[in-house]
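So the structure is just underneath, and the comments pick up after that.
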Amino acid sequence: MSTLLIKNAALAATFDDSMRRIENCDIFVRDNRIAAIGQKLDIKEADKTIDASGMLVMPGMVNCHHHLYQTLTRNIPRVQEAELFPWLVNLYEIWAALTPEALYWSTLTGLGELLLTGCTTSTDHFYLFPDHCPDNLFDQQIKAAKKIGIRFQPTRGSMSRGKDQGGLPPTRVVQKEDKILEDCERVIKAYHDPDPLAMIKIALAPCSPFSVTADLLKNTAEMARKYKVRCHTHLAETQDEDAYCLNVYGKRPYDLMESVGWTGDDIWFAHCVYLNEDEIKRAAETGTGISHCPASNMRLGSGIAPIPSMVDHNCAVGLGVDGSASNDASDMLGEVRQCMLLHRLRSGVDSMPAERALTLATRGGARVLGYKELGKLEVGAGADIIGISLKKLGYAGALSDPVAAVVFCGDSHIVDFSVVNGQQVVKDGKLCLMDEMEIFEEANRWSNYMLEAAKKATGVDMCSKEGPGFEAPRPSKEKKA
Ligand SMILES: [Zn+2]
């Protein structure tokens, strides 16, 4: 048994059921749970103490959507100004050069940024399995998460509908459906831990309605329910997707998902920019979760998801940084700020207060990913705790409301400490368990490798905006499946 005392936080924002804020707060952690929280706790000794003087302490945030493998292909000049479909068809050509080592280092890069910016639990949506990679490619992500110390619920993703079957991805990065399901079963058996505070859980995630078949969606949900794991996919991200689904399936994206058994509190969708009011009500009634990804939706010009309406309907809504190549950062606290600002444009200035955006990132995300004991600071909750020093120039003059200050203000989104499952993983704004510069060097090495390999294979220089790239088919040209 190990103990940890977090002492004398200027303010603890608990995000518990009554949204308590406690000044001069101590938190005592036994193993991986909070054992006591309050002022002047009578704790004689602890194995480890963190001095949180001058800090805002709050629950670690939960990231509900990401593609960590894309971290090596951020900010690619050819797609800096592309919408989703052309963005995808060009990047697929670089992603086809992925290797196990590239996946390992890209995962560490994204997870490192997430930890540094206040995220303590993340999912990942990994769906790209090039022909040349070994069958156990997915396992690199688990190895990376264990090394860096984050709580992780990666999804075994999939793509089965290549260009030759009316899908978007090149055939060399899609897999046969029986092979996909076989590997889904393998990773569940190898890694999924049903414990409510498990450090590793597995979910299943066909990529999107335009890269898999309806059969694969149905079979994946059946397998997930057999093993009691969750299911995830992209949904209603763009108007192109609406048009594609109407053309190919004769249904709107949400109707398609309903028809293949994809609603319920064990399902969550990324984006949902184009859900209508009726679909929002149906998502709320079934407990179907939504990961809102504001930066990605702005970056690709996809649209503004109706999040205030979803929250009013008591939908399960969390935040996702999404990317890494459509954000192009894994900045969790930055995503909270984007969320707060974006909705004011369409739904009014009072539609997304700072505390509401933080609630989505903490309690909301924990609900979406199925962690009942995370996203809040209270006795018995999981010990995922972050501290942000308020003694910084960026917060000067803003301390009349320290909780809102970390969303409205600040010159950096780096947290001062982070504890995951009772273990300190960020200290003084630096990762504890890995050398950040080693990750940086390896990430750049593998990024360059992939760019060179793609150029050799396709003759197209993705680092240039000049000359023709790859054209996205327009949805109207698709044939019905
Ligand atoms: Zn995504």
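Both counts, for ligands and for their atoms, begin at 1 and track the order of listing. In what follows, every heavy atom counts, from backbone to side chain, and hydrogens, waters and symmetry copies are set aside.
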From CA spacing to verdict: side chain to side chain contact (heavy atoms under 4.5 Å, CB included), Val426, Leu116
CA-CA 7 Å; Val426 175; Leu116 289 171; 4.1 Å; yes
Minimum-distance N/O/S atom that Asp322 presents toward the Zn ion (ligand 1)
OD1
If we count only N and O atoms by modelled type, under 3.5 Å, do the side chains of Tyr69 and Tyr127 hold a donor and an acceptor together?
yes
For a distance under 2.8 Å, tell me if His271 has an N/O/S atom near the Zn ion (ligand 1).
no
Please name all residues satisfying side-chain contact (heavy atoms from CB on, under 4.5 Å) with Asp278, sequence neighbours left out, ordered by chain then number.
Asn276, Arg282
Could you tell me the angle subtended at the Zn ion (ligand 1) by NE2 of His65 and NE2 of His67, rounded to 10°?
100°
Who are the side-chain contact (heavy atoms from CB on, under 4.5 Å) partners of Asp195, not counting sequence neighbours?
Asp193, Leu197, Ala198
